[in-house]
Amino acid sequence: MLQKIANLRAEIEGLTAANADEVEALRIKYLSKKGVVTALLKEFGELPADRKRELGRTVNEIKTLATERINALRESLSAVADTDVADDLTRSAAPVRLGTRHPLSLVREEIIAIFRRLGFTIAEGPEIEDDWHVFSSLNFAADHPARDMQDTFFINRMPDVLLRTHTSSVQSRVMEHTEPPIRIICPGRVYRNEAVSARAHCFFHQVEALYVDKNVTFADLLQTLQYFAQEMFGNDTRIRLRPSYFPFTEPSAEMDISCDLCGGKGCSFCKGTGWVEILGCGMVDPNVLRACGIDPEVYTGFALGMGVERIANLKYRVNDLRLFSENDVRFLDEFVGSH
């Protein structure tokens, strides 16, 4: 019987299997009720007591060896199956490349995050608008020359339906239906009938902010602008305001930031001035508050607006606006890992 056990041990140690069916066949052959190991155990039970003491440990080792060997074969085949991926004949031969977020999305979300830290919430509105919300409610008279500042796309030659030229229309909608205090930012796409070039496009993106409450002053606007500029462009950034004109704010201003390329000394990027314009702002005109149902004797407010493309130009030094909408992957690949 010793020789029989030795032969069986060698046989079990050499077991192989190419698939799960062969592993199951080995289990049945060796470990089932009619298997080879089971038969050996029955034969062992018929031996005299002194022989049992001599062979008991060896017989048990055979059973353990057979169980472990078969389990090992099953696990190895299972591991191969888990890592074996069937060929997908629809896939390109080239490696699949991961995309990245668009630079305008990166800048837009950064602007929103800065204003959220100041307590502003997002407000959105339709891109196809009416004349009231885009112009009339914002202090543009029907024959006001300020309407000529923005070339407008009208829908089907209808004078009262148009593609919005600024996201200020969202501000007027919110003021119509919301009692102050109001503290919102209005990100979105806008449209103007302009020739497409490196410096202009027929559509672009804006983020505007509005704060209306009791006792809002120009000092509040100034502090908000300073905070935004330093959060977006760095703690060393300085700002300056220049008087300007917008129909919906009075007084109005345009804001410049110190050029971070030359440190304000003057270079080709800032055209030798040391300053770069980034946005327009001002105190909300009382006529706008009144048109939207807010008493200007009780409430005041400030508004500001910027082009996302303009901020992206300053942040990433992109000199051609057309690159943002052409979806050239060579350009977009430059922003992999930016956020």
Side-chain angles (χ1 to χ4, degrees), residues 107-141 144 146-147 149-150 152-153 155 160-192 203-218 220-225 227-228 246-253 255 279-308 311:
V107 172
R108 174 182 178 273
E109 293 305 314
E110 188 172 358
I111 295 171
I112 290 173
I114 292 172
F115 280 96
R116 274 181 169 162
R117 293 197 287 273
L118 292 172
F120 287 78
T121 59
I122 294 178
E124 296 180 330
E127 295 182 8
I128 299 178
E129 265 289 8
D130 54 59
D131 178 271
W132 168 258
H133 291 100
V134 174
F135 293 123
S136 298
S137 66
L138 297 171
N139 207 32
F140 289 80
H144 199 298
R147 288 179 182 260
M149 294 169 60
Q150 302 173 1
T152 306
F153 286 109
I155 306 298
D160 294 330
V161 182
L162 55 133
L163 296 179
R164 65 185 182 188
T165 58
H166 48 202
T167 55
S168 301
S169 58
V170 181
Q171 298 179 17
S172 62
R173 284 184 174 273
V174 172
M175 286 190 287
E176 283 178 340
H177 302 98
T178 307
E179 184 177 349
I182 298 170
R183 192 180 302 199
I184 58 171
I185 49 174
C186 312
R189 180 179 292 184
V190 299
Y191 305 84
R192 296 182 188 177
F203 70 87
F204 53 99
H205 302 78
Q206 285 186 335
V207 175
E208 299 195 22
L210 173 70
Y211 179 34
V212 178
D213 201 352
K214 295 178 181 179
N215 302 317
V216 176
T217 68
F218 201 92
D220 298 313
L221 171 60
L222 185 62
Q223 289 298 314
T224 300
L225 295 173
Y227 177 81
F228 168 75
F246 304 107
F248 34 84
T249 54
E250 179 61 36
S252 301
M255 188 183 93
L279 58 82
C281 59
M283 300 300 294
V284 179
D285 193 294
N287 290 332
V288 174
L289 296 175
R290 192 176 293 111
C292 294
I294 297 176
D295 187 351
E297 299 298 324
V298 178
Y299 296 101
T300 55
F302 67 72
L304 60 94
M306 69 195 80
V308 178
I311 304 300

inquiry  = Minimum heavy-atom separation for Cys281 and Leu225, please, with both atom names.
reply    = SG-CD1, 3.8 Å

message = Whether the side chain of His133 engages the backbone of Val170 through a donor-acceptor N/O pair (distance < 3.5 Å, no angle test) should be reported.
response = no

Arg192 backbone acceptor or donor facing Thr165 side chain under 3.5 Å = no

key: Whether Phe115 and Phe120 hold their rings parallel, tilted or perpendicular, with breakpoints at 30° and 60°   = perpendicular

inquiry  = Test your reading of the model: is there a side-chain donor-acceptor pair from Arg183 to the backbone of Asp213, 3.5 Å cut-off?
reply    = no

key: Atom pair CD1 (Ile128) and CZ (Phe153), whose distance is rounded to the nearest 0.5 Å   = 13.0 Å

query = Under a 4.5 Å cut-off applied to non-hydrogen side-chain atoms, are Glu176 and Trp132 in contact?
reply = yes

ask   = Would you say the side chain of Val288 lies within less than 4.5 Å of the side chain of Gln171, judging by non-hydrogen atoms?
value = no

ask   = What is the minimum heavy-atom distance between Thr167 and Cys186, and which atoms define it?
value = OG1-O, 3.2 Å

task = For residues Ala303 and Thr249, report the shortest heavy-atom separation together with the two atoms involved.
result = CB-CG2, 4.4 Å

query = Are side-chain heavy atoms of Ile114 and Tyr227 found at a separation under 4.5 Å?
reply = yes

query = To the nearest 0.5 Å, how far apart are CD1 in Ile185 and CG in Leu118?
reply = 9.5 Å

ask   = Gln206 side chain to His166 main-chain N or O, any donor-acceptor pair under 3.5 Å?
value = no

Plane angle bin for Phe246 and Phe248 - parallel if under 30°, tilted between 30 and 60°, otherwise perpendicular = parallel

message = The test is side-chain contact (heavy atoms from CB on, under 4.5 Å); show your working for Phe204 and Val308 and say whether it passes.
response = CA-CA 8 Å; Phe204 53 99; Val308 178; over 6 Å; no

message = Could you check whether any side-chain N or O of Asp285 sits under 3.5 Å from a backbone N or O of Glu250, counting only pairs where one atom can act as donor and the other as acceptor?
response = no

task = Compare all side-chain heavy atoms of Phe228 with those of Leu304 and state whether any distance is below 4.5 angstrom.
result = no

inquiry  = Just so I know, are the side chains of Val174 and Leu210 near enough to count as touching, which here means a heavy-atom distance under 4.5 Å?
reply    = no

key: Neighbour count >12 (heavy atoms, 6.0 Å) for atom CZ, Arg116   = no

request  = Take Ile294 and Ile182 through the test side-chain contact (heavy atoms from CB on, under 4.5 Å) and record every step on the way to the result.
outcome  = CA-CA 11 Å; Ile294 297 176; Ile182 298 170; 4.2 Å; yes

note = Heavy-atom nearest pair, Pro296 first then Arg290, reads CG-NH2, 3.3 Å

query = Which heavy atom in Leu138 sits nearest to a heavy atom in Ser172, and how many Å separate them?
reply = CD2-CB, 4.3 Å

message = With rounding to the nearest 0.5 angstrom, report the CG to OG1 distance, Leu289 to Thr300.
response = 8.0 Å

query = Can you find a heavy atom in the side chain of Ile111 that is under 4.5 Å from one in the side chain of Pro187?
reply = no

query = Under 4.5 Å between any side-chain heavy atoms of Leu163 and Ile155, yes or no?
reply = yes

inquiry  = Tell me every residue that passes side chain to side chain contact (heavy atoms under 4.5 Å, CB included) with Asp295, counting only those two or more places apart in sequence or in another chain.
reply    = Glu297, Val298

message = Angle between ring planes, Tyr211 versus Phe302, binned at 30° and 60°: parallel, tilted or perpendicular?
response = perpendicular

message = To check you understand the geometry: which heavy-atom pair defines the closest contact between Asn139 and Pro247, and what is its length?
response = ND2-O, 3.0 Å

inquiry  = With a 3.5 Å distance limit and no angle check, can you tell me whether Arg164 reaches the backbone of Arg189 through a side-chain donor-acceptor pair?
reply    = yes

task = May I ask you to test the Pro126-Arg173 pair for a side-chain heavy-atom distance under 4.5 Å?
result = yes

